Every structure is written in structure tokens, then in C-alpha cells.
2 protein chains.
Amino acid sequence: MTTAWNEAALGAGRQPGRARRAVVELLGRQSCCLTALEIFERLRAAGSGVGLASVYRTLDQLSRDGFLQKIELGDGTTRYEPTERGGHHHHHVVCETCGKVEPFEDDRLEQALRRVERQTGYAVAGHEVVLRGSCTDCS
Amino acid sequence: MTTAWNEAALGAGRQPGRARRAVVELLGRQSCCLTALEIFERLRAAGSGVGLASVYRTLDQLSRDGFLQKIELGDGTTRYEPTERGGHHHHHVVCETCGKVEPFEDDRLEQALRRVERQTGYAVAGHEVVLRGSCTDCS
DNA sequence: GTGAATGCAAACTCTTTGCATGACT
DNA sequence: AGTCATGCAAAGAGTTTGCATTCAC
């Protein structure tokens, strides 16, 4: 699969090597967030010889170039996911019991956020919402 | 200053010692979030002999007992602040350039969040919103 | 061939844990 | 004395950096 996101993410910056290609290819297929270690392990499991450091370097680069959003869900690790594909972006609900993470999106929430963003006086570039609780299986 | 929050936070669980007293007293005076290291350094600067480990242990305990909210703003460290004092709770805007953190609150945002929380099907216990951008000084 | 990207290992930072000491009952 | 919190130091986990090598053009 070669999407517009994949091509843009590969093209940005300098020449992509094996690691960058592998990470972009994996993330391009992803619908929700992954940790650096998860990405590393999946690539290794798939037979790729990428190093963990290269995964981190690629993630850092793609984040700075705006292709990835960093997400912190409260467990001390950072997750990454492709930014707004198709103009939509989502947020996350985390089950504090089993650790499950699910995405959701809501227009009214986005509207409320935009309103607040204007009021802050900041030039707000992005936002992040995390809901915590118990999923239907755990509660 | 001895507020209801302070008393409750001290009373919960077992007997509070020097460290717990110092941390609760400092956080009780705080309006916005602090990292464990900031708390440790302030207490040390104030002449207290608390250990960093005790600060972490106290923060962990107070969080589990619901007196503190953990907050992750994207720099890899966890911040802590007293939960909903006076029934209000706030969220945070972070300046990605200078690192400044400011609180804000907005009723319409809270309403939108409550709506979404119901839709998820989760028993949502809490939520967190972070806005990122440039503050007026930096943009 | 040149310069950038890569992989490994070491370094770093934040956080947690083990254990002996100290405080309060 | 007995019990629990504390402080220090060591251990862990996640992430970053240094450096020699490999890869792409």
C-alpha cells in the first residue's frame, strides 16, 4: 500500500534508508497509536533488521516534520500515530484496568476545543484529549 | 494554611511522616502542576531533608487515593496537582517553545467532554486535555 | 567516492525498589 | 518493643547519543 501520507513522509527531509522506509510503511497501515518498542518488535518479528535507535530517530524526525502525533496516555511511554489522515483526527479512551486503548472522534468536542484555543491567546498548533476509565469488559 | 484538602490527604491511609507532611503542605499551596523533581527541589531548598524516593512514594499514594491528578504534558515527565478543589478542575496549554504551562477552564468544553464520555460506553473516571502551541511571548 | 542513514552499545533521565535507619504509638 | 514511614543507594525502564559501518546516489 502506498498512500499519500506514506509518500510525503518518505519524501520529507533527506534520503530515507531501510529503517525509515520500514517505519513509515508500518505506521502507514496503522489506525491507532503504537509505542516505539511496539514498532521495533513488529519490525523485528517481520524479519527487518532495524535498530531501536533508528526507530526512535525516525519517529522523532517524522514528528518534527508533522507527519506523526506524539501521544502520552499516562503509562510513561510515548505513542505515535499518523496525523489527521482524511482531515479527521481522533482522541483516545484508555481502560485503566486492562490497558486497552480505543480511538474516538466527536465534532462537537472539536468545536469546543477550537473555541477554547482561541481564548487562550496562544497560537495553538494541536491538542490532545485522553479519557480514563473502565471499559465494558472491565467494569 | 490548613485546608480541607490538606487534612483529607494527610488523614488518608496510614500515619503520615515527615515526607508526606511536607509534600502535602507544598501541594496544598499549589495552583498548578509540578513534577516530582520540582517538588523535591523546593522542599530541599526550604531546608527539608526529604528524599526523592519518598516524594515519589507519597505522590503515588496520593494519586491512588484520588487526591492528586497525574498529568503528562509531553516532555516525558509526570506532573501532579491537587484534584478539583472547589469543584472546578482545569486543563493546560503548553508553549512548545519556552515550555511555559498555563491552566485554563471552560464549561462548554467540559460539557462536550461529558457527552463524549457517555458515548464511549466506558465508565470514564477522568479526563485530560492538553493544548500545544506558542505563547504570546514566543509567537 | 561522498554524505547521510543505520545498528549497536553506552550514556542519560526519570522512576521504582531493597534495605537499614529512624520516628511515633 | 513494634510498626510503619523515611532516606539513601542501587536497580529498572524508556529514550538519546557517540561512533564505526553500511547504504544510496
Side-chain angles (χ1 to χ4, degrees), chain A residues 6-7 9-27 33-65 67-81 99 101, chain B residues 6 9-27 33-65 67-80 99 101:
Chain A
N6 285 43
E7 289 188 8
L10 273 181
R14 335 187 188 304
Q15 35 176 301
R18 174 168 59 148
R20 175 115 158 262
R21 253 186 275 271
V23 170
V24 166
E25 199 274 330
L26 175 61
L27 280 172
C33 49
L34 290 178
T35 67
L37 201 60
E38 283 168 351
I39 294 168
F40 172 72
E41 286 169 348
R42 292 195 190 190
L43 293 179
R44 279 290 167 115
S48 173
V50 291
L52 182 54
S54 298
V55 171
Y56 275 108
R57 273 188 288 243
T58 301
L59 294 173
D60 183 51
Q61 195 181 130
L62 292 173
S63 300
R64 278 201 315 265
D65 291 345
F67 294 104
L68 293 182
Q69 179 169 16
K70 285 182 168 186
I71 294 167
E72 307 211 9
L73 297 178
D75 63 351
T77 74
T78 306
R79 283 150 215 271
Y80 303 81
E81 70 183 16
V101 177
Chain B
N6 285 44
L10 273 180
R14 337 187 189 305
Q15 36 177 298
R18 177 167 57 148
R20 177 117 157 262
R21 254 187 277 270
V23 170
V24 167
E25 200 274 331
L26 175 61
L27 281 172
C33 50
L34 291 178
T35 66
L37 202 59
E38 283 167 350
I39 293 169
F40 171 72
E41 285 169 348
R42 291 194 192 192
L43 293 179
R44 279 290 166 116
S48 173
V50 291
L52 181 55
S54 298
V55 171
Y56 275 108
R57 273 188 289 242
T58 301
L59 293 173
D60 183 49
Q61 196 181 130
L62 292 173
S63 300
R64 278 201 316 265
D65 291 346
F67 294 104
L68 294 182
Q69 178 169 16
K70 286 182 167 187
I71 295 168
E72 307 211 9
L73 297 177
D75 63 350
T77 74
T78 306
R79 282 149 216 270
Y80 302 83
V101 176

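Not measured: the values here are computed from a predicted model. Below, chains carry the letters A, B, ... as their sequence lines are ordered, and counting in each starts from 1.
When rounded to the nearest whole Å, the span between CZ of R18(B) and C1' of dC24(C) equals 14 Å. We find that OH of Y80(B) is positioned 13 Å from P of dC14(C), with the value rounded to whole Å. With rounding to whole Å, K70(A) atom NZ is found 10 Å from dT15(D) atom C1'. Atom-to-atom, CZ of R20(A) to P of dC25(D) comes out at 13 Å; the value is rounded to the nearest Å. Atom CD in E72(A) sits roughly 12 Å away from atom C1' in dT15(D) (whole-Å rounding). Rounded to whole Å, atom C1' of dA13(D) lies 14 Å from atom CZ of R79(A). We find that CG of D60(A) is positioned 13 Å from P of dA5(C), with the value rounded to whole Å. Look at CG on D75(A): it is 17 Å from P on dC14(C), rounded to the nearest Å.
Mapping T77(B) and R21(B) onto DNA chain C via the closest heavy atom, the residue that lands nearer the 5' end is T77(B).
Contacts between residues 33-57 of chain A and DNA chain C, defined by a heavy-atom separation below 4.0 Å, involve R44(A), G49(A), V50(A), G51(A), A53(A), S54(A), R57(A), listed by number.
Q69(A) is linked by a side chain to side chain donor-acceptor pair (under 3.5 Å) to nothing, counting only residues two or more places apart in sequence or in another chain. When the side chain to side chain donor-acceptor pair (under 3.5 Å) test is applied to R79(A), the partners found at least two apart in sequence or on another chain are D75(A). S48(B) meets the side chain to side chain donor-acceptor pair (under 3.5 Å) test with no other residue; sequence neighbours excluded. A search for side chain to side chain donor-acceptor pair (under 3.5 Å) contacts involving D60(A) returns R64(A), not counting sequence neighbours.
Between F67(A) and A9(A), the shortest heavy-atom distance links the atoms CE2-N, 3.8 Å.
Contact annotation: T78(B) side-chain N/O to dT15(C) OP1/OP2 distance is under 4.0 Å.
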Distance-only check: which donor-acceptor pairs under 3.5 Å involve side-chain atoms of residues 36-44 of chain B, not counting sequence neighbours?
residue : atom : partner : partner atom : Å
E38(B)  : OE1  : T35(B)  : N            : 2.9
R44(B)  : NE   : V50(B)  : O            : 2.8
R44(B)  : NH2  : G49(B)  : O            : 3.4
R44(B)  : NH2  : V50(B)  : O            : 2.6

